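The block underneath contains the structure these notes are about, expressed in structure tokens.
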Amino acid sequence: QVHLVESGGGLVQAGGSLRLSCVASGRTDNNFAMEGWFRQASGKEREFVAAINWSGSRRSYADSVKDRFTISRDSAKNTVYLLMNGLRPEDTAVYYCGTRPSFPWEPSREEGYESWGQGTRVTVSS
């Protein structure tokens, strides 16, 4: 199984930026895996944010973040990043990364993910 650790969360003012990181260890030799970011705000259901396959050739974004967030990866470091620009108070949540096979391409389906990190908290103040 793959062990995932998120980092990079914190407190930021509206309009600011943060870059989250998700580092994988353990079984990291699956070249056909996808990595996804989900978030859960207080009192809300967990929701899909973004996903990327390990080669970086395919990406998906939730409509609410499509023009502001960028998902990327550094395969040599077994790390996936989420660059968040133009942050808004409604982006406040705990952000989690997960991994699953890339086929079929169903990045928003939580039940397909096999491993999850512990989460990193993002707070955006107005």
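Since the model is a prediction, treat every value here as computed from it, not as a measurement.
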Quick check: is Val94 connected to Ile71 through a chain of hydrophobic side chains (ILVMFWY, heavy atoms under 4.5 Å apart)?
no
Do you know the tightest heavy-atom contact between Val124 and Thr92?
N-OG1, 2.9 Å
Once you round to the nearest 0.5 Å, how far does CD of Gln40 lie from CZ of Arg121?
10.0 Å
Taking atom CZ of Arg109 and atom CZ of Arg100, what is their separation to the nearest 0.5 Å?
8.0 Å
Rounded to the nearest 0.5 Å, how far does CG of Asn78 lie from OG of Ser25?
8.5 Å
Considering non-hydrogen atoms only, spot the tightest contact between Trp54 and Thr79 and give its length.
CH2-N, 3.7 Å
According to a 4.5 Å side-chain heavy-atom criterion applied to Ile, Leu, Val, Met, Phe, Trp and Tyr, with indirect links allowed, do Leu18 and Val65 form part of one hydrophobic cluster?
yes
Hey, what do you get for CG (Leu87) to OG (Ser126), rounding to the nearest 0.5 Å?
13.0 Å
Any side-chain heavy atom of Met84 within less than 4.5 Å of one from Asp91?
no
With a cut-off of 6.0 Å (strictly less than), are more than 12 heavy atoms of other residues, nucleotides or ligands near CD of Glu45?
no
Does Gln118 offer a backbone N or O that forms a donor-acceptor pair with the side chain of Glu6 under 3.5 Å?
yes
Should Phe69 and Val12 be counted in the same cluster of Ile, Leu, Val, Met, Phe, Trp and Tyr side chains packed under 4.5 Å apart?
yes
Report yes if some heavy atom in the side chain of Arg59 is under 4.5 Å from a heavy atom in the side chain of Pro107; otherwise report no.
no
For Thr120 and Gly8 the tightest heavy-atom approach is OG1-N, 4.0 Å
Cluster check Leu20, Val49: I/L/V/M/F/W/Y, side chain < 4.5 angstrom:
yes
Could you give the distance from CZ (Phe48) to CH2 (Trp37), rounded to the nearest 0.5 Å?
12.5 Å
Short side-chain to backbone donor-acceptor contact, Ser115 and Gly98, under 3.5 Å
no
As an exercise, state the distance from CE of Met34 to CD1 of Ile52, rounded to the nearest 0.5 Å.
11.0 Å
Considering only residues two or more places apart or on different chains, which pairs with a residue in residues 86-117 satisfy ring pair (Phe, Tyr, Trp, His ring centres under 6.0 Å)?
Phe38-Tyr113, Phe38-Trp116, Tyr113-Trp116
Which pair of heavy atoms, one from Ser102 and one from Asn53, lies closest together, and at what distance?
OG-CB, 3.9 Å
Taking 4.0 angstrom as the limit, do Arg73 and Glu35 come out as a salt bridge?
no
Could you pull out the closest heavy-atom pair between Asn85 and Ser17, with the gap in Å?
OD1-OG, 2.7 Å
Over 12 non-hydrogen atoms of neighbours within 6.0 angstrom of CD in Gln13
no
